[in-house]
Amino acid sequence: MTTMTRLATLPPGPTAPRAVQGAYALTRPLRGMQRLKDRYGDAFTVNVPIFGNAVVISGPAEIKQLFTSGPELVDNLEVNLGRVLGPRSMFALSGAEHKRQRKLLVPPFHGRRLAAYEKIVEEETVRELATWPEGKAFATLPSMMRITLNAILRAVFGAEGAEFAELRELLPPFVTLGSRLAVLPIPKRGRFNPWRRFERMRREYDAIVDRLIAKARADDKDRDDVLSMMLQTRYDDGSGLSREEISDQLLTLLTAGHETTATTLAWAVERLRRHPALLAELTEADDTKLLDATILEVQRTRPVIDLTARQVKQDGFRLGRWTLPKGYAVLVSIALIHDDDRVFPHAATFDPHRFEGARPDLYQWIPFGGGTRRCLGAAFATMEMTVVLRTLLRDFTLVPTEEPGERWHSRGVAYAPAKGGRAVVRRRMTGGNP
């Protein structure tokens, strides 16, 4: 044990064994965090499966310091989504290699490229909404899942025909299984092991991506999909992305932008039905700024990912009031800072107007994480949500309800509305062409 480790100063926290704390974290993930904050303050120490020894923070100053600290001080967790997304995934990379690859993947998700994908998202939205029943309650989450999956397969993978159909069939159960494996400490050995099924599905996925790469290379048309741009991009030394890098990154982009975006859209439906005055404003005024603010507020009040994390790489890392040992995880509780009245006055109130005319502070409003590991597809996801909700409100009347808000339900990585964001809709007599 080093001198620095002996001199570590850690925030207080529960002293129960790791297994007990883990069981509590799994059975009461959101309520439990709030109770720990109420007891110990906005920083506390825990010992839980997957993360091990960890400090949970929710104070704005400490979060900003963490997000702006260099990778020599804090970087990616050693145990992360890379174990299900692949060793070349952005989640698995760290330090200079992470920075190098992120630099290549940012351009396709901004500016003119992003605008080109709006038409695809609207087409998929109109196609899916045409199947919605009128006057009958139904869960919207499955529809949102199909919209975001189809849009990503077309815009990111450049998939069509057989590959599009095969990926639509394969990816939903593949991603669901991966989400569960990512958050549960399941060993990779054993006779009846879900990892075997996952690895078999991964081989199927890789084979389809190989075919997509071959088709993109043989296509002489000008293509806008992200896969085609990956094939053209080059590192500073002139080398291109390998097949393994492309395959892992496509899966990363799908995972980061499919289920999370669809779940936020289902939460948006759930929230709007319980706020009829806001729903009327959005429908009657066709107010783009208010729609943007509504999406921000849905993500603040119903973040689908509760934690973003770093691992201490240097012994004696000073984080605000604390000195942390090397190897400790630092978990940023997204829900706790989003629910803090000191950061967002009247935080329990769903009020999109708080964001009208003001962009959120990206060290306080953090549904996409922050710093150098902020979600690569954040702009793409925001575009998707904007187009889907704009099309929905244009073509349908969303019927308000006085039912209690839907409970949070864990789907592995993401928290979804327990009833799937149930809606009752009526087709509008004017507007778009569904």
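Numbers here are sequence positions counted from 1.
No salt bridge links D224 with R154; every basic N to acidic carboxylate O contact stays at or beyond 4.0 Å. Using a cut-off of 4.0 Å between Lys/Arg side-chain N and Asp/Glu carboxylate O, E122 and K119 are scored as not salt-bridged. Ion pairing between a basic and an acidic side chain is recognised when a charged N comes within 4.0 Å of a carboxylate O; R127 and E123 show no such pairing. A salt bridge is absent between D395 and R426: the closest approach of a Lys/Arg side-chain nitrogen to an acidic carboxylate oxygen does not fall below 4.0 angstrom. Salt-bridge annotation for E406 and R273: absent, with no side-chain N of the basic residue lying under 4.0 Å from a carboxylate O of the acidic one. Taking the charged nitrogens against the carboxylate oxygens, E403 and R422 have no contact shorter than 4.0 Å, which rules out a salt bridge. Using a cutoff of 4.0 Å between basic side-chain nitrogens and carboxylate oxygens, D236 and R100 are not scored as salt-bridged.
Note that the CG atom of L324 and the OG1 atom of T9 stand 7.5 Å from one another [nearest 0.5 Å]. Between atom SG of residue C375 and atom CD1 of residue I366 there is a gap of 13.5 Å, rounded to the nearest 0.5 Å. Summarising the geometry, atom CD belonging to Q311 is positioned 13.5 Å from atom CG belonging to L73; distances are rounded to the nearest 0.5 Å. Interatomic distance, L282 CG to L393 CG, rounded to the nearest 0.5 Å: 6.0 Å. With values rounded to the nearest 0.5 angstrom, L319 atom CG is found 5.0 Å from E62 atom CD. Note that the OG atom of S143 and the CE atom of M145 stand 11.0 Å from one another [nearest 0.5 Å].
For residues 344-369, every residue pair satisfying the salt bridge (Lys or Arg N to Asp or Glu O under 4.0 Å) rule, not counting sequence neighbours, is listed here: E297-R354. Screening residues 271-311 for ring pair (Phe, Tyr, Trp, His ring centres under 6.0 Å), with sequence neighbours left out, gives H275-F350.
Using a distance-only test at 3.5 Å, with no hydrogens or angles considered, a donor-acceptor pair links the side chain of S58 to the main chain of D42. Side-chain atoms of Y205 never come within 3.5 Å of backbone atoms of F174 as a donor-acceptor pair (strictly under, hydrogens ignored). With hydrogens and angles disregarded, no donor-acceptor distance shorter than 3.5 Å links the side chain of T263 to the backbone of V304. E284 contributes no side-chain N or O that, together with a main-chain N or O of E281, makes up a donor-acceptor pair within less than 3.5 Å. Using a distance-only test at 3.5 Å, with no hydrogens or angles considered, a donor-acceptor pair links the side chain of T68 to the main chain of Q65. Proximity of a side-chain donor or acceptor of R428 to a complementary backbone N or O of R394 within less than 3.5 Å is detected. Under a 3.5 Å cut-off, the side chain of D341 and the backbone N or O of A347 do form a donor-acceptor pair. Between the side chain of T45 and the backbone N or O of P11 there is at least one donor-acceptor pair closer than 3.5 Å. Between the side chain of S247 and the backbone N or O of E244, no donor-acceptor pair lies under 3.5 Å. In terms of modelled atom types and a separation under 3.5 Å, the side chain of T148 and the main chain of H258 share a donor-acceptor contact.
Counted within 6.0 Å of CD on E169, heavy atoms from surrounding residues, nucleotides or ligands total 12 or fewer; the atom is thus considered open. Within 6.0 Å of CZ on R234 lie more than 12 heavy atoms contributed by other residues, nucleotides or ligands. In the displayed structure, E402 atom CD is contacted under 6.0 Å by at most 12 heavy atoms of other residues, nucleotides or ligands.
Counting heavy atoms from C-beta on, the side chains of V46 and V56 come closer than 4.5 Å. Under the 4.5 Å side-chain criterion, counting only non-hydrogen atoms from C-beta, L254 is not in contact with L167. Looking at heavy atoms from C-beta onward, R274 lies in side-chain contact with T401 at the 4.5 angstrom threshold. The shortest distance between side-chain heavy atoms of L10 and V55 falls below 4.5 Å. Annotation: side chain of V156 is not in contact with side chain of Y117 (no heavy-atom distance under 4.5 Å). Residues T301 and W267 have side chains not in contact (no heavy-atom distance under 4.5 Å, counting atoms from C-beta outward). Between L307 and V332, every side-chain heavy-atom pair lies at or beyond the 4.5 Å cut-off. Put simply, the side chain of D306 reaches to within 4.5 Å of the side chain of Y415, judged on heavy atoms.
Note: F344 and H338 have perpendicular aromatic rings, judged against thresholds of 30 and 60 degrees for the angle between ring planes. Between F67 and Y363, the angle of the ring planes lies from 30° to 60°, which puts this pair in the tilted group. Using cut-offs of 30° and 60° on the angle between ring planes, the pair F44 and Y40 is tilted.
Checked against D75 for a salt bridge (Lys or Arg N to Asp or Glu O under 4.0 Å), the options K99, K313, K326, R373 give a single hit: R373. A salt bridge (Lys or Arg N to Asp or Glu O under 4.0 Å) with R146 is found for exactly one of E124, E128, E259, namely E128.
When all heavy atoms of P60 and Q364 are compared, the closest pair comes out as CB-NE2, 4.1 Å. Between L278 and P352, the shortest heavy-atom contact is CD2-CG, 3.5 Å. F157 approaches L227 most closely through the heavy-atom pair O-CD2, 3.3 Å.
Cation-pi geometry between R300 and W365 is not met at under 6.0 angstrom from the ring centre and within 45 degrees of the axis.
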For residues 380-390, dump all side-chain donor-acceptor pairs below 3.5 Å to protein atoms at least two apart in sequence or in another chain.
unit_1, atom_1, unit_2, atom_2, d
T382, OG1, A378, O, 2.9
T386, OG1, T382, O, 2.8

